[in-house]
Amino acid sequence: MFSKPDSALIIVGHGSTVNPDSSAPTFDHAEEILRRGVFGEVHCAFWKEEPSLRQVLHMVDREDIYVVPNFISEGYFTRTVIPRELELEGAITRRGGRTIKYCEPAGNHARMTDLLLHRAAHVAPGVPPAETSLFIVGHGTNLNDNSAAAAKREVERIRERGLYGEVLSAYMEEEPLIAKWDELSTKPNVVVVPFFIADGLHSYEDIPVLLGIAEESPGAASVNAMDVFRRNPYRLRGRTLFYASAIGTEALFAEIMLDQVAAFDAEHAA
Amino acid sequence: MKRALTQSLAAWLEGGRTRIGQVAILKTADGFELRHADDFSRADLVKAEGADAARHLANLDDAEAYRPLKTAPNLRHGWRLTLRDVDELRRALDYFYPAMTALFLSQTNGVLHAVPFRETLNRQTGMYRVTQKITDEQARTMIDSFCAGCLKCRLWDGQASPDEADRIPLLCQEACNLLVAEARKVVKAEPAPS
């Protein structure tokens, strides 16, 4: 792995005004990268939390700055909001003695496929993949969001490896609906991996309710929200179902951030 | 200009700036200790260690509710956080009061520029573009009410930077996204006459 003691890394997340789980993986990955000592500085910035995108550049001492969006795909935030708020002029912005290098979103990296496979294997240990249907679940219907396309792309890549009996994409709000998982799949074992950057209401409750492994709760996600990931396997509708937490919470995600920095350097090498 | 925030922070502490927002900064034999300023004399505080612990202390208030705005005056009580050096202190303060030491350094260096509220709104796209329709009167009422729940000094709203020699000030150079989101609610609820 490279070493950039004279550079700073800014990881940009969406954040939330409702719960701390949205920004938690972004902070976790930043702390991990800081511990590794790869960068001289590591900071986070958010759209919905502080530090904001308008504040974060004040926090940086170093003049060589990499920005990695912690998003699952290209879309409105990576193409419009982040460049606008950071006043970026393209992949490389030079301003006031600083060079700001805008990398691709974490979710775009080719190693995302490995990460999904790692998570799927981890959640269902000892379960033969050939007798398993693997679902990659996206949100769907998001305005200007390519996350559904990204989920389909990952499904294609996993299929090409020929490990799982079946690999399928499904969505919360568009066809094919994850609620119909038992009709869509044929294998005795089913592994479901949410293709989200963070855990939250979608992974704690919405998807579990659609899967039929949880009841809708009357209020906000409870303190025991994580329990839904601890009760594997679920036996229902004649199948054995394993449910993983959001892919963005995977510790290896920190390496994908670093991979995106390396990919940026490779693409923009003088 | 080369920035060196950690050194600046050390200099501010030497100069007696030992308070930021609701957090008191104490120099100890082997580093620093932070506590809620209200807890200065309490002996029953739960000890936490290291900058990463600050994130979790800053996230929830006394009633365990999430604090989306870290400069709201509802920092939880009952803890003390030990940090081994100024580097850790800088990181911990960035969890308690994100970017606030950095904005003070920028102000000290003369590079912190307040952005007028209209400029912030005019930049918005997508679901927040509608905020441009807020009237000056609606905006005034909203700012007075909404920002009353925040300890920052609104440089963009004509407030003068506080001059308290024992504190690192909390500066707001531009309306935050919470306020922009609030402006959307105001416009949606009560559209201005066209």
Side-chain angles (χ1 to χ4, degrees), chain A residues 6 8 10 14-24 26-28 30-32 34-35 40-63 65 75-77 79-81 83-85 87 95-98 142-145 200 220-223, chain B residues 1-8 50-52 54-56 58-60 64-72 87 90-91 93-107 109 111-113 115 120 123-128 150 152 156 171-178 180-182:
Chain A
D6 297 324
I10 298 173
H14 188 281
S16 163
T17 57
V18 182
N19 73 68
D21 299 324
S22 170
S23 57
T26 302
F27 282 122
D28 290 343
E31 286 169 7
E32 172 60 23
L34 191 68
R35 261 192 296 276
E41 291 172 68
V42 184
H43 302 283
C44 295
F46 300 95
W47 172 235
K48 286 281 180 184
E49 288 179 40
E50 293 181 301
S52 72
L53 290 157
R54 304 293 288 177
Q55 295 170 325
V56 71
L57 288 171
H58 290 279
M59 300 169 77
V60 180
D61 287 336
R62 284 158 182 80
E63 291 172 342
I65 304 165
Y76 175 61
F77 283 99
R79 291 188 183 138
T80 304
V81 175
R84 183 189 77 209
E85 298 292 289
E87 298 176 72
R95 187 167 68 230
R98 290 174 152 185
N142 271 5
L143 195 66
N144 281 317
D145 188 351
S222 75
V223 287
Chain B
M1 184 189 293
K2 270 267 182 211
R3 293 171 65 96
L5 180 51
T6 307
Q7 286 88 325
S8 299
D52 293 354
R55 184 190 353 154
H56 307 284
N59 260 345
L60 305 176
E64 303 275 304
Y66 176 48
R67 302 173 66 234
L69 180 66
K70 298 295 181 279
T71 45
D87 261 325
R90 171 183 172 174
R91 290 213 303 119
L93 292 181
D94 273 334
Y95 281 127
F96 284 113
Y97 293 111
M100 289 296 106
T101 55
L103 294 192
F104 183 44
L105 177 61
S106 288
Q107 189 195 44
N109 290 346
V111 293
L112 186 67
H113 306 295
V115 179
T120 304
R123 205 177 64 232
Q124 302 303 313
T125 55
M127 65 186 281
Y128 295 110
C150 176
K152 287 206 239 11
W156 55 270
L171 304 174
C172 183
Q173 96 280 20
E174 180 166 6
C176 68
N177 276 320
L178 294 180
V180 172
E182 187 67 15

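Naming: A, B, ... by sequence-line order, numbering from 1 per chain.
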Do A:R95 and A:L57 come close enough that some side-chain heavy atom pair is under 4.5 Å?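 Side chain of A:R95 against side chain of A:L57, heavy atoms only: contact under 4.5 Å found.
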
So do the side chains of B:L178 and A:E50 get within less than 4.5 Å of each other, counting heavy atoms only?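 The answer is no, as the side chains (C-beta and beyond) never meet within the 4.5 Å cut-off.
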
Can you name the nearest heavy-atom pair linking [X] to [Y], along with the distance?
X: B:R3; Y: B:S106; value: NH1-OG, 2.8 Å
X: B:L105; Y: B:S8; value: CD1-OG, 3.3 Å
X: B:W156; Y: B:C172; value: NE1-SG, 3.1 Å
X: B:L112; Y: A:H58; value: CD1-CE1, 3.7 Å

Non-hydrogen atoms of chain A under 4.5 Å away: do they reach the side chain of [X], the backbone, both or neither?
X: B:A181; value: side chain
X: B:R123; value: both
X: B:Y128; value: side chain
X: B:Y97; value: neither
X: B:V111; value: backbone

Return the option, out of A:L53, A:V18, A:V60, with the maximum number of heavy-atom pairs under 4.5 Å with chain B.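 When all of A:L53, A:V18, A:V60 are compared, A:V18 has the most.
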
Count the heavy-atom pairs under 4.5 Å between each of A:P20, A:P51, A:S52, A:S23 and chain B, then report the option with the highest count.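 Looking at each of A:P20, A:P51, A:S52, A:S23 in turn, A:P20 comes out on top.
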
Are the side chain of B:Q173 and the backbone of B:H113 linked by a donor-acceptor contact shorter than 3.5 Å?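 No; judged by distance alone, with no hydrogens or angles, the pair does not exist.
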
Supply the atom-to-atom distance [X] [atom1] to [Y] [atom2], rounded to the nearest 0.5 angstrom.
X: A:F27; Y: B:D94; atom1: CZ; atom2: CG; answer: 9.5 Å
X: B:L93; Y: B:L5; atom1: CG; atom2: CG; answer: 9.5 Å
X: B:D52; Y: A:D28; atom1: CG; atom2: CG; answer: 9.0 Å

Measure distances from A:D21 to the heavy atoms of chain B and classify the residue's part below 4.5 Å as side chain, backbone, both or neither.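 When you check distances to chain B, no heavy atom of A:D21 falls under 4.5 Å.
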
Please classify the contact of A:T17 with chain B as side chain, backbone, both or neither, using a heavy-atom distance under 4.5 Å.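 Both parts, heavy atoms under 4.5 Å.
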
Which one, B:E64, B:M127, B:M100, B:Q124, leads in non-hydrogen pairs under 4.5 Å with chain A?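 Of the options given, most contacts go to B:Q124.
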
Under the rule for side-chain contact (heavy atoms from CB on, under 4.5 Å), what residues qualify as partners of B:A58, not counting sequence neighbours?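 B:A58: side-chain contact (heavy atoms from CB on, under 4.5 Å) contacts with B:R67, B:K70, B:F96.
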
Quick check: under 4.5 Å, non-hydrogen atoms only, which of residues 40-47 of chain A neighbour chain B?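 Counting heavy atoms that sit under 4.5 Å from chain B, the residues of residues 40-47 of chain A involved are A:E41, A:H43, A:W47.
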
